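Position 1 is the first residue of the sequence; numbering continues from there. Keep in mind that this is a model prediction, so the values were computed, not measured.
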Amino acid sequence: QVIKMGKTDYKILLISLCLLHFSVHCQGRPLSKRTVSEVQFMHNLGEHKQVQERREWLQMRLRGIHTAGMDELSDLTSDEIQHALNVLDELLKSE
């Protein structure tokens, strides 16, 4: 015996199967929880972005020092120079 189904019935059946597949795939775990490896990966990614931003800042700053004339170099304070040297030292240690 053949069962006739309308378009609406097919849509309901498809949605039901998708929901069933999704609930089995999740295995009852909440979607908001992350595994330890995911959390570690996100931490490492954030740390990498911070290091990259510091490098870019330092490169721009050093480029400015390199292209500056003697008058412009006198505008830098000893604290700024020391800070740039400290950042450069940290970057070299991180690699």
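Note: E80 CD to R61 CZ = 4.5 Å, rounded to the nearest 0.5 Å. For the atom pair CD of E53 and CG of L58, the computed distance is 13.5 Å after rounding to the nearest 0.5 Å. Rounded to the nearest 0.5 angstrom, L45 CG and Q50 CD are separated by 10.5 Å.
Every residue meeting the side-chain contact (heavy atoms from CB on, under 4.5 Å) condition with H43, not counting sequence neighbours, appears here in chain and number order: Q40, E47. By the side-chain contact (heavy atoms from CB on, under 4.5 Å) test, V39 is found to be paired with R34, residues two or more places apart in sequence or in another chain being considered.
Heavy atoms only, all atoms of each residue included: L91 and V51 are closest at CD2-CG1, 3.9 Å.
Through ILVMFWY side-chain contacts below 4.5 Å, L14 is grouped with nothing and stands alone.
Y10 and I15 sit in two unconnected hydrophobic clusters of ILVMFWY residues. Membership requires side-chain heavy atoms under 4.5 Å apart, directly or through other members.
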